[in-house]
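Taking it in order: structure first as structure tokens, then the write-up.
Per chain, numbering begins at 1; letters A, B, ... match sequence-line order. No hydrogens, no waters, no symmetry mates; every other heavy atom, side chains included, goes into these values.
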Amino acid sequence: MLSVSEMLKMRDKLRKWREENYRNSEQIVDVGEELLNEHASKLGDDIWIIYEQVMIAALDCSRDDLAWTFRFDAILNDANKLYDSILQDDPTNTAARKRKISILRAQGKSSEAIRELNEYLEQFVGDQEAWHELSELYINEHDYAKAAFCLEELMMTNPHNHLYCEQYAEVKYTQGGLENLELARKYFAQALKLNNRNMRALFGLYMSASHIAASPKVSAKVKKDNMKYGAWAASQISRAYQMAGRGKKENKCSVKAVEEMLESMQITMS
Amino acid sequence: MLEDDSGVTKKRTLQLSSMSVSFRSHEMGEVELSCLAYAKMYLHASQFPRCSVNGLLLSSSPAGGDVCITDCVPLLHTHLSLAPITQLALTQVDAWCSQTHQRIMGYYQANACVSDSSPTPCALKIAEKIFEQCNNAVLLMIDGEKMFPGCRVPPIVMYERKDARWALKDKHTIMLRQWEETCAIVNQLFSSGDQALLVDFDSHLDDITKDWTNQKLNAKIMELISPANGNV
């Protein structure tokens, strides 16, 4: 067991090695492990960067993979205990609370992370980062309806953010069905209005319009309108790729692939 | 969608197959994984260590023989389970394959959560789609826990279609000589900084001047392969 001054010396050593990019991995693991196992609570904000440093060093040392996993878990659990103690002293420490949720996510405990985030958002309803994190978690869990809800919150408070529009459109497209496809198309278009260089939005507009136009369930007018939108998007895509491909030999492949895709979808639509 | 490209790329297969790792299986025949495909998959997973990543496995060898994964296309590192970009990527890769006499014959994924390398519903869905067009399709999961320098086994778990489900494939022998050289090549890519050349489809959409077919990186890897390759 180290004295406090010895512990501080070790912590400073680790910092020096980090800053000067030393690859003395064996030493880092020995020093770091002891610090993390015995003195996690005294490391403060350094704990994350130290455990990352130790992780990388442990990889370098080619430790047995099982042992490494257990150690990784142990370190995360230690970090968790640390944040619990912080929150006991100061329940309003949002940083600690969010870091706890990141730990859950890193451990693959998605449902717990979702639950904690929902609780967090009940209190801190304006936290954009948290809403976005929650939408990502829902997307990974294939819960698209709830992901859409989170993105709707984000779009309301950030109406000029093209990324939220585009992500919302992608979720709607994934949910499928004619109504969702039309919504998707509208939001891809909105994202493009906000940022006309968002390629995902442009492709998304092209694909949703093409799918709607190709659907047997739509009226002749809807079909015609969507073919127009699709054709417009296709021309924009072509133009963007022509400009990108100019003078670059290696882009020839991707340009050709796009052209062939646009051609083949034209055939299926008509 | 898939063409019978018998004989066309025989030469390329010969060059690549002497730099490969073999997985043998009783039922389905041998599956070879070329150095090029392995290196790019590894680089892709390393480039986005905190994300799930995925990509497509390609073959330039004729359909209906032994399976040889000769190349791969790294696809996404965000929102793997959302449909539009995945569909877009599949369509474009397909178009590129028919231009270059290759076919899509598999799918790979590395999970963000390193301790769990089992196929996600998204992985199974895409693999299923590929299987519809290619009856010896493989699903490859990268085992993040084994991705450290000096690991003696390839960080790979392979699945094949058997009895209407995806079953673990037996891996019998690994050619150590070639495996060591493959590892050396991957290490070389990291030391030279060339691993940063890797472009996946997601990065391409962020900047369409970037080449998702990775011509530049492919050339670097082939350069590293050829001195070791006995075929002159």
Side-chain angles (χ1 to χ4, degrees), chain A residues 58-63 65-66 68-69 72-73 105-110 136 139-142 144 147 166-167 169-171 173-176 184 188 197-200 203-204 206-208 211 237 240-241 243-246 248-261 263-265, chain B residues 1 49-52 73 78-100 111-116 120-122 125 143-153 155 199 201-202 204-219:
Chain A
L59 288 173
D60 280 351
C61 297
S62 318
R63 294 300 177 96
D65 54 339
L66 263 174
W68 179 75
T69 316
F72 178 59
D73 257 344
R105 202 175 169 183
Q107 291 175 317
K109 297 178 178 166
S110 307
E136 298 275 315
I139 288 172
N140 286 339
E141 296 299 303
H142 304 273
Y144 302 122
E166 181 253 299
Q167 279 175 30
E170 283 193 52
V171 170
Y173 185 107
T174 308
Q175 284 180 290
F188 280 130
R197 291 161 78 197
N198 186 328
M199 285 310 290
R200 286 183 181 80
F203 275 116
Y206 173 72
M207 286 165 66
S208 39
H211 280 301
I237 293 169
Y241 272 85
M243 289 192 57
R246 220 172 266 176
K248 278 196 162 197
K249 197 180 72 171
E250 60 229 29
N251 287 334
K252 203 176 52 162
C253 306
S254 37
V255 173
K256 273 182 87 179
V258 168
E259 283 175 2
E260 178 157 331
M261 177 192 86
E263 248 181 65
S264 67
M265 282 191 91
Chain B
M1 190 154 80
R50 277 172 284 281
C51 302
S52 290
V73 175
T78 58
H79 301 154
L80 270 60
S81 63
L82 290 182
I85 305 303
T86 301
Q87 276 181 19
L88 177 68
L90 276 166
T91 314
Q92 287 210 34
V93 175
D94 206 37
W96 181 61
C97 279
S98 53
Q99 292 162 10
T100 52
N111 292 335
C113 179
V114 157
S115 56
D116 179 12
T120 58
C122 156
K125 206 166 173 200
D143 185 352
E145 284 183 340
K146 296 197 172 62
M147 273 183 70
F148 53 86
C151 180
R152 308 255 335 265
V153 274
V199 176
F201 199 77
D202 249 338
H204 166 78
L205 289 176
D206 291 333
D207 175 2
I208 59 171
T209 61
K210 289 191 173 160
D211 170 31
W212 56 260
T213 67
N214 286 293
Q215 299 298 306
K216 229 181 181 169
L217 178 62
N218 283 0

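Of the inter-residue distances, the one linking B/Ile85 atom CD1 with A/Met207 atom CE reads 7.0 Å to the nearest 0.5 angstrom. Interatomic distance, NE2 of A/His142 versus OG1 of B/Thr120, reported as 6.0 Å (0.5 Å rounding). A/Met199 CE to B/Ile208 CD1: the interatomic distance, rounded to the nearest 0.5 Å, is 4.5 Å. To the nearest 0.5 Å, atom CG of residue B/Leu88 and atom CD1 of residue A/Ile237 are 8.0 Å apart. Rounding to the nearest 0.5 angstrom, the gap separating the CG atom in B/Leu80 from the CG atom in A/Asn140 is 8.0 Å.
Counting only distance, with no hydrogens or angles, the side chain of A/Thr174 and the backbone of B/Ala83 share a donor-acceptor pair below 3.5 Å. In this structure a side-chain-to-backbone donor-acceptor pair under 3.5 Å is missing from A/Arg200 to B/Pro84. No donor-acceptor pair closer than 3.5 Å links the side chain of B/Thr209 to the backbone N or O of A/Ala244.
Neither the backbone nor the side chain of A/Ala169 comes within less than 4.5 Å of any heavy atom of chain B. Using a 4.5 Å cut-off between heavy atoms, A/Tyr144 contacts chain B through its side chain alone, with no backbone atom that close. Neither the backbone nor the side chain of B/Asp143 comes within less than 4.5 Å of any heavy atom of chain A. With a 4.5 angstrom heavy-atom cutoff, A/Glu259 does not touch chain B via any of its atoms. Contacts of B/Gln92 with chain A are made by both backbone and side-chain atoms, with heavy-atom separations under 4.5 Å.
Under the 4.5 Å side-chain criterion, counting only non-hydrogen atoms from C-beta, A/Tyr173 is not in contact with B/Leu82.
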Q) Under the ring pair (Phe, Tyr, Trp, His ring centres under 6.0 Å) criterion, do A/Phe203 and B/His204 qualify, and how do the steps go? A) CA-CA 13 Å; A/Phe203 275 116; B/His204 166 78; 7.9 Å; no
